[in-house]
Every structure is written in C-alpha cells, then in structure tokens.
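Residue indices begin at 1 and follow the sequence shown. Excluded from the calculations below are hydrogen atoms, water molecules and symmetry mates; all remaining heavy atoms, backbone and side chain alike, are included. Please read all numbers here as calculations on a predicted model, not as lab measurements.
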Amino acid sequence: GKTSLELGDAQAAIGFFERALQLQPGNAGTKAALAGAHVMAEDPFTAIELFDEAEKAGPIAPEYLADRGLAFDLVGDSRTAQYYYRQALAGAPSDETLRRLALSQAISRDRKGMEQTLAPLLQNHPLMIIHPPMLYLGYVGMSVPFAIALAALFAGRLDRDWIRSL
C-alpha cells in the first residue's frame, strides 16, 4: 500500500490497505494509512472518519498526521488542519509538512504565520544565495529592451526597420 501511495496510485493503495484491515481490523497504523490514501484520492470526509477510528485504536504515527491535516484543509477547517500539521512537525519534521502548514496559514489569512513558517525553508535553500543578484540582473537586463520596444510602439514604428534606427 505504501509503495502504491509513493507511486501516486491512491486506488491501489486503498485496495491494499482495505485487505490489510480485513486481516487486522483493529490496526491503528493500517487505518491511518488507509485514511491517507483517501486523502490522496481526494476523499477527505472518508479520510477524517478513518483517522478518528485509527485514533481510537491507538496513536497515529506522525507521518500520517500531515495527511490528517490536509484532510481538514480540504474540507475548509484550517484551524484543525494547522493543529495536526504542528503535531506532525513535532514528531517528524519535513519540508512538505512545513509547506502544507504555510499554505493553510495563507488560506486562513495568517500572513505573519505563513511568512514565519516559510522563512526557514527559504533561508536554508542553497539557490537563495544567487536569487537576489539573478533577480536584479533580470530586471536590469530586460529594462533596456523593454524601453526600446515601448519607444518603437509610441513612435508608431512597428515595421522590421525600427531597430535599425537605434
């Protein structure tokens, strides 16, 4: 089932996890995994019910708490979603869970929280070293051609010979 999820085949994962639940009906981990597969299949309502059942059967592993948060985000309950994202991050930190938390915060209009959540991801990325100078060069490098094109447009010289006049 986990391999099916990694390959993006939610329906196959659901089939595997349902079969596993037939063999061990009270297994909290399998119920949580099945719930995660339902999140991937874009069925958050079933996923939430399964997560609740899994929690009654035992503790849910941190890697499934991020999916539980996503299920609540999909039904519009950002506050609960952010609670589970934070629990997932406390148990098993991951960049994907941080991105989900930041997106949930942005959707719920918590700009400050979103910026604080994303800051470590942006600061620790190696390409952020070259980002500011590349952005500057892009703006500067495109400003001259843009100005020339606007001048030609305003002068009404849109034929092939307009660049030769420079």
Side-chain angles (χ1 to χ4, degrees), residues 1-139 142:
K2 288 182 180 181
T3 303
S4 297
L5 284 177
E6 290 171 7
L7 294 173
D9 191 348
Q11 294 307 317
I14 289 170
F16 282 118
F17 290 131
E18 285 178 346
R19 177 69 178 125
L21 276 179
Q22 289 174 353
L23 299 173
Q24 292 182 333
N27 188 310
T30 304
K31 283 187 182 188
L34 176 60
H38 277 282
V39 171
M40 184 181 235
E42 299 179 13
D43 183 7
F45 296 103
T46 303
I48 290 170
E49 290 176 17
L50 287 167
F51 277 124
D52 290 343
E53 290 175 20
E55 189 171 47
K56 289 175 187 170
I60 297 175
E63 63 262 21
Y64 297 118
L65 292 174
D67 289 336
R68 191 175 193 182
L70 181 57
F72 280 100
D73 258 340
L74 290 172
V75 298
D77 187 352
S78 296
R79 182 184 303 222
T80 305
Q82 291 170 28
Y83 170 78
Y84 287 117
Y85 291 140
R86 286 187 180 95
Q87 277 195 330
L89 289 167
S94 80
D95 290 351
E96 178 61 25
T97 304
L98 273 174
R99 283 189 289 272
R100 287 182 185 183
L101 174 59
L103 183 59
S104 181
Q105 291 168 325
I107 290 169
S108 63
R109 297 181 181 187
D110 179 8
R111 181 179 178 172
K112 186 176 181 180
M114 184 251 334
E115 289 173 354
Q116 289 174 343
T117 301
L118 281 180
L121 288 176
L122 296 174
Q123 291 170 352
N124 294 333
H125 198 282
L127 291 178
M128 287 308 293
I129 293 169
I130 64 167
H131 180 264
M134 294 304 289
L135 188 63
Y136 174 76
L137 289 174
Y139 285 139
M142 292 306 294

Q: For Ala35 versus Ala47, what's the shortest heavy-atom pair and its separation?
A: O-CB, 3.3 Å
Q: Please step through salt bridge (charged side-chain N to carboxylate O under 4.0 Å, His left out) for the pair Arg111 and Glu115, ending with a clear verdict.
A: CA-CA 6 Å; Arg111 181 179 178 172; Glu115 289 173 354; 2.9 Å; yes
Q: Just one of Gln105, Arg86, Lys112 clears the side chain to side chain donor-acceptor pair (under 3.5 Å) bar with Thr117, so which one?
A: Gln105
Q: For Gln82 and Ser108, work out which heavy atoms get closest and say how close.
A: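 Heavy atoms of Gln82 and Ser108 come nearest at NE2-OG, 3.1 Å.
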Q: Of all the heavy-atom pairs spanning Gly69 and Ala81, show the shortest one and how long it is.
A: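 Heavy-atom minimum between the residues: O-CB, 3.1 Å.
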Q: Taking only Lys NZ, Arg NE, NH1 and NH2, and the carboxylate oxygens of Asp or Glu, determine whether Asp67 and Arg100 approach each other closer than 4.0 Å.
A: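 Answer for the salt bridge query: yes.
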Q: What's the spacing between Phe51 CZ and Leu34 CG if we round to 0.5 Å?
A: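 So the CZ of Phe51 and the CG of Leu34 are separated by 9.0 Å.
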Q: Could you measure the distance from the OG1 atom of Thr97 to the CD atom of Gln87? Nearest 0.5 Å is fine.
A: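 Going from the OG1 atom of Thr97 to the CD atom of Gln87 covers 12.0 Å.
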Q: Closest approach of Ala13 and Gly1, non-hydrogen atoms and distance?
A: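 Distance-wise, the nearest heavy atoms are CB-O, 3.5 Å.
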Q: Name each donor-acceptor pair under 3.5 Å that joins a side chain in residues 17-25 to protein atoms two or more places apart or in another chain, with its distance.
A:
{"unit_1": "Arg19", "atom_1": "NH1", "unit_2": "Gln22", "atom_2": "OE1", "d": "3.2"}
{"unit_1": "Gln24", "atom_1": "OE1", "unit_2": "Asn27", "atom_2": "ND2", "d": "3.0"}

Q: Is there any ring-ring contact (aromatic ring centres under 6.0 Å, His included) pair reaching into residues 52-86, and which pairs are they, with sequence neighbours excluded?
A: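 As it turns out, the ring-ring contact (aromatic ring centres under 6.0 Å, His included) pairs with a partner in residues 52-86, which skip direct neighbours, are Phe72-Tyr84.
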Q: Say you draw a straight line from CD1 of Ile48 to OG1 of Thr80; how long is it, rounded to the nearest 0.5 Å?
A: 8.5 Å
Q: State the CG-CG distance between Leu89 and Asp95, to the nearest 0.5 angstrom.
A: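 Here the interatomic distance stands at 9.5 Å.
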Q: Please enumerate all residues that pass side-chain hydrogen bond (donor to acceptor under 3.5 Å, both in side chains) together with Arg99, with sequence neighbours excluded.
A: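 Arg99: side-chain hydrogen bond (donor to acceptor under 3.5 Å, both in side chains) contacts with Glu96.
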Q: Does the pair Asp52/Arg68 count as a salt bridge with the N-to-O cut at 4.0 Å?
A: yes
Q: Is any side-chain heavy atom of Asp73 closer than 4.5 Å to a side-chain heavy atom of Ser78?
A: yes
Q: Which heavy atom of Ile14 sits nearest to which heavy atom of Ala37, and what is that distance?
A: CG1-CB, 3.6 Å
Q: Can you give me the closest heavy-atom contact between Met40 and Gly8, atom names plus distance?
A: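 Nearest heavy atoms, Met40 then Gly8: CE-CA, 3.7 Å.
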